[in-house]
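Below is one structure, written out as structure tokens; the observations come after it.
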Amino acid sequence: MLGLPVIQDISDLSKLTHISKYTIYQLSKHSDKYYRIYSIPKKSGGQRIICQPAKKLKGLQAWLLVNILNKTKTSESCKGFEKGSSILDNVKPHRGSNTVLSIDIEDYFPSINSKQVYNIFYTIGYNKLMATVFTNICTCNGFLPQGSPCSPRLANLVSWMLDVRIQGYVGRRGINYTRYADDMTFSGLKPKTVTNIIPVVKSILLDEGFKINSSKTRIAGAARAKRITGLILSDNSCGIGKQEYKKLRSKIYHLALDKENKNTKLLNHVNGWLSYLNSVDKKRLEQVFIYIKKLENKFPNRQMSKFDPIIKKDNYIILNIENNQKKEK
């Protein structure tokens, strides 16, 4: 019914993936040996464990993601790691709210165990053998590894009941709810109504095998900036905010002052920001290109000419059309 490939045994999987039965058996039986495990520091302190799969294992995981996992459906509240969805889609439902509550799930991926992953594959129709093989391929040391291409999608599928239960509870109270990976966002018109949901949300999380990272719980009312997954929510609009915009302008100005055009690292960084703005904040992007045009006239033959030509061209066209329309008026 889901249009998933029919796979009864390893032979079927071998034919579909063009990977030998022996290799698939090894990747399943000894999957833990096919990871490079290391840690990186978290911004908030502590260490984040990264499990980077070997090339063969990652290739098989990618096949499972494209041909099986991406054909399944996640909850409507889920906005992270979904095709065609972005952090902007995670922010939009909260526009017009007076109060925003942000809750972080602690150690999101490691909290999901092999049994939960097995239940996903078994529930969508695979037999016990293949559900076990798929689970072995997608997990490391009994949990969901941060580094596998399958992990974000599997985490969203495992969290389906969590989302449904929380949406059912807060929805009846007129509260909006979205989840972007481990970032849960709630918003409403009455501050007290929003803050009163915390104990029940915490209880649901614990019942579903998760727990709140209390140090990252934030409540923003009328007097505080409402930040949701990196974007600033203000009245009925959302974007990167004034501070980030000023920082970006400063970086562009430094590129304009670079007479030898050698700062390629900063150039790539700004290009990344332009691409980001193109997807989440068109208004600020237009303001950036107006600023770039002024700098190009003042400092010709500098690195601004090397900005992403597609984004640059499209937005220059938009700016020229808008300027012509203003002149006509």
Side-chain angles (χ1 to χ4, degrees), residues 32 35 37-51 74-82 87 90-91 93-94 99-120 123 135 138-148 150-173 175-188 191-220 224 226-230:
D32 296 348
Y35 286 93
I37 301 174
Y38 58 95
S39 61
I40 58 174
K42 294 181 180 179
K43 289 183 179 179
S44 56
Q47 296 290 316
R48 188 186 306 280
I49 304 298
I50 303 296
C51 302
T74 57
S75 73
E76 293 183 3
S77 303
C78 176
K79 305 299 179 182
F81 306 112
E82 293 297 305
I87 59 171
N90 187 52
V91 179
H94 304 285
T99 306
V100 173
L101 167 66
S102 299
I103 291 176
D104 182 79
I105 303 174
E106 188 172 356
D107 296 326
Y108 183 47
F109 286 178
S111 297
I112 298 171
N113 58 44
S114 297
K115 185 179 178 180
Q116 291 170 295
V117 174
Y118 172 88
N119 288 337
I120 293 296
T123 302
T135 299
C138 294
T139 57
C140 176
N141 294 324
F143 63 87
L144 208 56
Q146 189 155 342
S148 164
C150 291
S151 292
R153 185 70 179 184
L154 281 168
N156 283 342
L157 291 170
V158 168
S159 303
W160 184 84
M161 184 54 71
L162 170 71
D163 291 336
V164 170
R165 290 180 67 185
I166 288 179
Q167 180 59 54
Y169 172 70
V170 303
R172 293 194 298 270
R173 289 157 178 78
I175 295 173
N176 305 305
Y177 164 62
T178 60
R179 181 180 57 80
Y180 194 94
D182 57 353
D183 289 321
M184 306 169 73
T185 306
F186 306 85
S187 66
K192 190 175 180 180
T193 305
V194 176
T195 55
N196 282 348
I197 69 170
I198 295 177
V200 176
V201 169
K202 184 178 180 180
S203 176
I204 294 173
L205 276 166
L206 288 172
D207 193 48
E208 292 294 328
F210 301 104
K211 58 182 178 179
I212 290 178
N213 185 344
S214 300
S215 64
K216 288 189 175 181
T217 299
R218 301 184 307 275
I219 300 172
R224 291 185 62 187
K226 302 177 184 69
R227 184 180 292 274
I228 303 174
T229 50

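Once rounded to the nearest 0.5 Å, the distance linking CD1 of Ile228 with CZ of Arg218 reads 9.5 Å. Atom NZ of Lys211 is separated from atom OG of Ser111 by 7.0 Å, given to the nearest 0.5 angstrom. Taking CG from Asp104 and OG1 from Thr217, the interatomic distance works out to 7.5 Å, rounded to the nearest 0.5 Å. A distance of 10.5 Å separates SG in Cys140 from CD1 in Ile49, rounded to the nearest 0.5 Å.
Shortest non-hydrogen contact noted between Leu144 and Ala155 is CD2-N, 3.8 Å. Summarising the geometry of Gln116 relative to Glu208, their closest heavy-atom pair is NE2-O, 3.9 Å, with the distance given to 0.1 Å. Looking at every heavy atom in both residues, Val117 comes nearest to Thr135 through C-OG1, 3.9 Å. Phe143 and Pro110 get closest at one heavy-atom pair: CB-O, 3.7 Å. Summarising the geometry of Pro93 relative to Thr178, their closest heavy-atom pair is CG-CG2, 3.7 Å, with the distance given to 0.1 Å. The heavy-atom pair separating Asn156 from Gly80 by the smallest distance is ND2-O, 2.8 Å.
Ser159 is listed as a side-chain neighbour of Arg179, based on a closest heavy-atom distance under 4.5 Å. Taking 4.5 Å as the limit, some side-chain heavy atom of Ile50 sits within range of a side-chain heavy atom of Ile40. At least one side-chain heavy atom of Pro41 sits less than 4.5 Å from a side-chain heavy atom of Gln47. Between Cys51 and Ser148, the closest side-chain pair of non-hydrogen atoms is not below 4.5 Å. For the pair Thr229 and Lys79, the minimum side-chain heavy-atom distance is 4.5 Å or more. Counting heavy atoms from C-beta on, the side chains of Ile166 and Ser77 never come closer than 4.5 Å.
For the side chain to side chain contact (heavy atoms under 4.5 Å, CB included) criterion with Ile112, the lone passing option out of Leu157, Val158, Leu154 is Val158. Results of the side chain to side chain contact (heavy atoms under 4.5 Å, CB included) test with Ile197 over Ile204, Leu101, Ile103 single out Leu101 as the only residue that passes.
A side chain to side chain donor-acceptor pair (under 3.5 Å) check over residues 192-206, counting only residues at least two apart or in different chains, returns nothing.
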Distance-only donor-acceptor hits, side chain of residues 180-188, under 3.5 Å, sequence neighbours excluded:
{"from": "Ser187", "atom 1": "OG", "to": "His94", "atom 2": "ND1", "distance (Å)": "2.6"}
{"from": "Ser187", "atom 1": "OG", "to": "Ser97", "atom 2": "OG", "distance (Å)": "3.1"}
{"from": "Ser187", "atom 1": "OG", "to": "Asn176", "atom 2": "ND2", "distance (Å)": "3.2"}

Hey, mind stepping through Ile105 and Leu205 against side-chain contact (heavy atoms from CB on, under 4.5 Å) and telling me if it holds? CA-CA 8 Å; Ile105 303 174; Leu205 276 166; 4.1 Å; yes
Stepwise side-chain contact (heavy atoms from CB on, under 4.5 Å) test for Tyr169 and Ile175: CA-CA 9 Å; Tyr169 172 70; Ile175 295 173; over 6 Å; no
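Under the 3.5 Å distance criterion, the side-chain polar atoms of Ser151 are left unmatched by any main-chain donor or acceptor of Gln146.
For the residue pair Thr74/Glu82, the side-chain donor-acceptor check at 3.5 Å is satisfied.
Legend: residues meeting salt bridge (charged side-chain N to carboxylate O under 4.0 Å, His left out) with Glu76, ordered by chain and number and at least two apart, are absent.
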